[in-house]
Amino acid sequence: MKKIHTDAFENNSIRVPFVVPNIEPSDKYAIENALKSNLLTDGPILKEFEKAFSKFTGSKYAIGVSNATSALHLSLKALGIEKGDEVIIPNITFVATANAVLYTGATPVLADVNPDDLNISIKSIQENINKKTKAILPVHFAGKSCDMLKIKKLSKQNNLKIIEDCAHAIGTNFNKTHVGNFGQTGCFSFYPTKNLTTFEGGMVITNSKKIASKIRNMRNHGITKSLKERFSKGYPWDFDMSELGYNYRLDEIRSSLGLNQLKRLQKMNKLRQNACAYYNSQLNDVDGIELYIDPQLKNNSCHLYVIKIKKNYDLNRNDLFRKLLKKGIRTSVHYKPLNKFNFYKSKLKTYSSLSSSNNLYSKILSLPLFPQITKHELDLVINTIKKFQS
Ligand SMILES: Cc1ncc(COP(=O)(O)O)c(C=O)c1O
């Protein structure tokens with residue numbers, strides 16, 4: 001077989017990598033272009049990227065940051081979440097969601113997920129609300145939006161803030177509105193595996209001027225002036241700090257790459273949607289495999305393609321993972337539930353059953369998915385999965 005996409009870990013026996021970042025010659029040009037400036041951070045390209053991102057998502061403000069973890073941390077800080085507070089998060093998510101809450105001193109409280117889409121369960125959110133609850137932090141898992149109308153209703157009834165973890169969901173819409181606009185903030189990741197990459201990077205969107213200016217300030221140590229302002233008037237060293245902030249800036253090179261990637265994001269997402277539709281059509285009738293088919297695929301960023309291995313499949317999930325790997329196909333699991341981590345044992349709470357997430361953990365498997373995946377690569381995955389089932 002002609003090898004088209006190579007493995008990130010340089011394993012030559014890999015025929016279908018799990019993910020391949022979408023980097024085109026124009027991205028290299030964008031990076032080179034940014035390098036021509038002698039202002040490599042806190043400059044005009046960041047502003048341009050923020051403007052384009054807020055236009056793309058339909059939000060009033062966008063603030064570029066170093067990654068989605070810092071986006072979540074700054075959002076929680078800007079909303080005044082602190083020690084003694086509780087924030088409800090799903091049990092199935094990347095550790096960053098919980099860690100950002102822990103950075104503030106508040107306690108992450110685990111809610112269960114829906115068995116049919118792995119998004120946070122509304123019933124479980126309700127069961128976890130108490131007097132200490134200050135916010136709900138839903139994750140739009142794999143690119144499918146959570147039911148934001150129901151989450152908004154719950155937040156209004158209980159006077160709670162919403163911070164949306166949109167790390168998987170650049171290009172995801174719910175009721176014709178881009179995700180991230182339902183809560184006080186929406187937090188995006190530009191990590192290499194994400195739908196848009198700046199290698200490392202992130203963005204916060206918000207429709208509140210007050211929250212935007214607080215986050216903008218806190219991403220740069222709490223310093224009240226930008227570099228340009230400091231060097232345009234008066235003494236550049238004579239700046240003040242309004243509060244204790246962080247160095248969570250997004251530099252000009254990454255911003256330039258992000259700006260260029262954003263121009264073709266819809267095209268890249270469409271390719272992901274096509275690949276998911278093809279997986280759906282070919283795996284639909286395989287006994288023992290359950291699919292998470294989203295009827296609203298065009299509103300879904302299709303960040304991950306997750307299947308569920310049922311009892312009547314000939315192999316269990318771990319055996320299937322190993323056998324696929326032997327055939328040169330990389331797969332993964334998103335995610336090990338947070339309640340299974342030793343580190344979190346004494347740090348996270350829950351007031352609900354987590355049976356759904358715990359049951360699903362041994363059954364879910366994420367298949368290779370990236371915009372430029374070929375039909376040949378998809379067929380290899382599909383036919384290998386079919387071959388193992390008698
Ligand atoms: C659901 C979720 N939240 C947050 C993050 C953190 O993103 P970053 O690596 O940009 O900090 C990730 C990254 O993988 C994620 O998948």
Side-chain angles (χ1 to χ4, degrees), residues 5 8 17-24 27 30-31 46 49-50 52-54 56-57 59 62-75 90 92-97 99-100 118-119 137-146 163-173 178-180 185-205 248 250-251 253-273 275-276 299-306 330-335 366-373:
H5 296 114
F18 181 66
V19 63
V20 179
N22 189 283
I23 301 294
E24 289 192 351
D27 292 324
I31 291 170
L46 168 65
F49 182 32
E50 290 175 338
F53 203 83
S54 81
F56 179 80
T57 54
S59 63
I63 306 107
V65 289
S66 51
N67 50 57
T69 314
S70 52
L72 290 166
H73 184 201
L74 291 179
S75 298
I92 291 194
T93 181
F94 185 53
V95 292
T97 317
N99 292 349
L118 295 141
N119 268 331
L137 206 170
V139 177
H140 303 294
F141 183 82
K144 179 173 182 276
S145 172
C146 298
I163 296 140
E164 293 175 69
D165 184 331
C166 307
H168 297 183
I170 312 174
T172 293
N173 287 293
H178 199 288
V179 293
T185 71
C187 303
F188 294 82
S189 171
F190 306 141
Y191 185 73
T193 58
K194 298 297 190 274
N195 292 37
L196 180 158
T197 187
T198 60
F199 311 144
E200 296 282 357
M203 191 76 75
V204 184
I205 62 168
Y248 284 168
L250 183 66
D251 62 59
I253 294 120
R254 287 180 172 84
S255 300
S256 187
L257 174 59
L259 191 58
N260 193 55
Q261 290 240 329
L262 190 59
K263 288 180 192 152
R264 63 172 195 279
L265 182 76
Q266 267 161 332
K267 197 175 107 196
M268 292 196 285
N269 278 3
K270 182 79 186 123
L271 292 170
R272 287 174 175 274
Q273 287 159 0
C276 288
N299 294 322
N300 187 325
S301 71
C302 292
H303 175 58
L304 296 170
Y305 189 84
V306 180
R330 276 206 197 276
T331 58
S332 190
V333 172
H334 295 83
Y335 294 95
S366 309
L367 304 185
L369 180 65
F370 46 96
Q372 62 278 36
I373 193 167

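The figures that follow rest on heavy atoms only: side chains count, while hydrogens, waters and symmetry mates do not. Because the structure is a prediction, the values reported are computed rather than measured.
- Remark: aromatic rings of His334 and Phe18 are close, center separation under 6.0 Å.
- Contact of the Asn99 side chain with the Leu72 side chain is not registered, since no non-hydrogen atoms from C-beta on lie closer than 4.5 Å.
- Dense packing is recorded around CD of Glu24, with more than 12 heavy atoms of other residues, nucleotides or ligands lying under 6.0 Å away.
- A pairwise comparison of heavy atoms in Ala142 and His168 identifies N-ND1, 2.9 Å as the closest pair.
- To the nearest 0.5 angstrom, His178 atom NE2 is 10.0 Å from Ser145 atom OG.
- Using a 4.5 Å heavy-atom threshold, the side chains of Pro368 and Thr331 count as touching.
- Atom-to-atom distance recorded for Lys144:NZ and Thr172:OG1 is 10.5 Å, nearest 0.5 angstrom.
- If you take CG on Leu262 and CG on Asn195, they are separated by 11.5 Å, rounding to the nearest 0.5 Å.
- Side-chain contact between Arg264 and Asn22 is present, with at least one heavy-atom pair separated by less than 4.5 Å.
- The aromatic rings of Phe53 and Phe188 sit perpendicular to each other, their planes meeting at more than 60°, with 30° as the lower class boundary.
- Every residue meeting the side-chain contact (heavy atoms from CB on, under 4.5 Å) condition with Ala167, not counting sequence neighbours, appears here in chain and number order: Asp165, Ser189, Lys194.
- Put simply, the side chain of Asn119 gets close to the backbone of Phe141: a donor and an acceptor are under 3.5 Å apart.
- Note: Ile205 CD1 to Glu50 CD = 12.5 Å, rounded to the nearest 0.5 Å.
- Between the side chain of His140 and the backbone N or O of Cys146 there is at least one donor-acceptor pair closer than 3.5 Å.
- Inter-residue side-chain proximity for Ile163 and Cys187 is flagged as met; some heavy-atom pair is nearer than 4.5 Å.
- Phe190 has its ring centre less than 6.0 Å from the ring centre of Phe49.
- For the pair Phe56/Ile170, a side-chain contact is recorded, criterion being any heavy-atom separation below 4.5 Å from C-beta on.
- Closest heavy-atom contact between Ala52 and Leu259: CB-CD1, 3.7 Å.
- Across Ile92 and Tyr335, no two heavy atoms sit closer than the pair CG2-N, 3.7 Å.
- Side-chain rings of Phe94 and Tyr191 stay apart, their centers remaining 6.0 Å or farther from each other.
- Contact annotation: the side chain of Arg330 never approaches that of Pro17 to less than 4.5 Å [non-hydrogen atoms, C-beta and beyond].
- The minimum heavy-atom distance linking Ile373 with Ala275 is given by the pair CG2-CB, 4.0 Å.
- One finds the CD1 atom of Ile31 at 9.5 Å from the OG1 atom of Thr198 (value rounded to the nearest 0.5 Å).
- Arg272 has its side chain within reach of Leu369: a pair of non-hydrogen atoms, C-beta onward, lies under 4.5 Å apart.
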Side chain to side chain donor-acceptor pair (under 3.5 Å) between Gln261 and Asp27, intermediate numbers included: CA-CA 7 Å; Gln261 290 240 329; Asp27 292 324; 3.2 Å; yes
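- Looking only at distances, no side-chain donor or acceptor of Ser256 sits under 3.5 Å from a matching main-chain atom of Ile253.
- Distance check, rounded to the nearest 0.5 Å: OG of Ser301 to CG of Asn269 gives 5.5 Å.
- Results of the side chain to side chain contact (heavy atoms under 4.5 Å, CB included) test with Glu164 over Val139, Val179, Leu137, Thr185 single out Val179 as the only residue that passes.
- With hydrogens and angles ignored, the 3.5 Å screen pairs a side-chain donor or acceptor of Gln273 with a backbone N or O of Asn300.
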